[in-house]
Amino acid sequence: MDSLNGKKIVLGVTGGIAAYKAVEIASRLRKAGAEVHVVMTREATEFVTELTFREITGQPVTVDMWAKVTNFNVEHIALANLADIMLIAPATANIIAKTAAGIADDMLTTTVLATKAPLILAPAMNTNMYENPVTQKNIAELKSRGVQIIEPASGHLACGVEGKGRLPDPAEIVRFVMDFAAGEQRLTGKKIIVTAAGTIEPLDPVRFLGNRSTGKMGYAIAAEAAKQGAEVLLVSGPSSLPDPAGVRTIRIQTALEMQAAVQEAYAAADAVIMSAAVADYRPKTVAKEKIKKSDDELVLHLERNPDILYGLGQHKNRQILVGFAAETCNVEEYAKKKLVKKNLDFIVANDVSASDAGFAVDNNRVQIYTRDGGCEKYPLMSKQELAGIILNKIAELMS
Ligand code: C5P
């Protein structure tokens with residue numbers, strides 16, 4: 001069966017020597033059942049002609065923003081809206097940098113900026129360009145926004161050197177798109193609540209108690225769940241991260257506000273993933289005016305915040321509940337206790353005292369403890385990858 005049946009794929013082709021491989025990619029996508037619309041940069045037309053793609057795809061090919069419009073009213077918006085998936089292969093260092101920076105100065109970059117469709121990039125370039133810290137920074141930035149990156153292959157490059165930067169075989173790229181599309185549908189129709197970042201608890205009009213959570217893990221989960229077709233509500237404490245595409249994001253400040261937002265959506269939810277670092281305590285009173293310093297010690301009285309997840313566990317019917325346990329010692333013991341006490345389906349535990357994983361970094365190293373007593377230990381991986389693993393487990397439990 002065609003696994004891309006009826007999917008509308010906008011294929012961006014940029015000006016690298018690997019542009020010729022995009023012809024086979026377009027052909028394979030079409031054979032897999034996709035409707036393929038090619039957008040080329042001006043430079044790409046130096047390597048392959050528009051005519052080739054038009055013949056292969058059976059669709060008009062777009063290059064010029066100002067050419068006479070054939071099929072679409074406002075072409076860049078029309079293509080951006082029409083796309084179910086946008087794939088750029090090969091993606092040069094230039095298009096990667098422009099996409100990371102939000103530059104829209106030709107048809108392709110304008111379509112990228114205007115689309116809400118998931119974006120997949122297949123970088124292909126000279127090894128030094130690929131390894132240049134600025135390219136790596138751009139790729140990391142795109143990943144953090146939920147863009148899928150198909151790792152380039154290593155081997156003999158057209159520029160004569162050996163190294164990383166080759167566009168993988170067209171068959172592999174199309175397989176990636178198919179897997180992505182299959183995964184994308186897995187959570188269609190499911191309602192998922194994700195919490196992220198830390199709550200902050202005000203002390204007076206200018207001060208608060210907070211914690212080091214940045215929200216990276218929760219935002220990655222929310223973006224991934226949306227990509228897999230779920231209807232996602234992200235309830236986030238203060239975070240500098242942008243709202244993930246396709247996700248309804250509510251920004252709150254305190255644990256009580258987070259609890260209210262989560263509870264309101266809970267009855268209709270299929271799963272709740274509590275990755276937020278909720279403050280366990282809040283100041284008992286919030287001073288109306290800024291607290292003045294004096295020569296004495298200052299004693300703060302704190303009262304307990306509700307344990308949001310515990311409360312959800314008490315009223316659980318069909319919802320899948322996932323908790324996080326950020327520990328600095330005895331990870332296993334504490335995580336297992338929380339799993340039971342909070343009535344969770346599984347808990348993702350990590351040792352936040354490690355400097356390369358946990359708070360405020362892009363990677364995490366976790367163990368997942370399940371209800372049936374199982375424990376899976378995972379190596380250091382990106383938060384995006386971990387988000388995929390967590391959602392796989394949820395999809396399995398749902399089926
Ligand atoms: O008990 P502990 O705070 O370590 O448990 C962590 C898990 O419980 C996380 O999933 C966190 O989001 C959630 N939690 C909560 N409400 C709190 C504290 C933590 O929902 N007040």
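In each ligand, atom 1 is the first atom listed, and ligand 1 is the first ligand listed.
Side-chain atoms of S213 and N211 form no donor-acceptor pair, as typed in the model, at a separation below 3.5 Å. Of the N and O atoms on the side chains of T109 and D106, at least one donor lies less than 3.5 Å from an acceptor on the other residue. The closest side-chain donor-acceptor pair between E303 and H301, if any, does not fall under 3.5 angstrom.
Contact annotation for P306 and ligand 1: only backbone heavy atoms (N, CA, C, O) come within less than 4.0 Å of the ligand. Under 4.0 Å from ligand 1, not a single heavy atom of N305 appears.
Remark: minimum distance from atom 11 (C) of ligand 1 to any protein heavy atom is reached at A276 O, 3.4 Å. Summary of contacts: the protein heavy atom closest to atom 7 (C) of ligand 1 is F324 O, 3.1 Å. The protein heavy-atom contact nearest to atom 1 (O) of ligand 1 is K342 NZ, 2.9 Å. Looking from atom 4 (O) of ligand 1 to the surrounding protein, the closest heavy atom is K338 NZ, 2.4 Å. From the protein, the heavy atom lying nearest to atom 16 (N) of ligand 1 is I308 N, 3.0 Å.
Using modelled atom types, one side-chain atom of S239 and one backbone atom of T214 make a donor-acceptor pair closer than 3.5 Å.
Taking only nitrogen or oxygen atoms, main chain and side chain alike, A325 does not reach within less than 3.5 Å of ligand 1. Where the criterion is an N or O separation shorter than 3.5 Å, residue side chain and backbone included, V322 fails it with respect to ligand 1.
Applying the 4.0 Å criterion to heavy atoms of M274 picks out, from ligand 1, the atoms 9 (C), 10 (O), 12 (O), 15 (C), 20 (O).
A cation-pi geometry, defined here as NZ or CZ lying under 6.0 Å from the six-membered ring centre and within 45° of its normal, holds between R304 and Y281.
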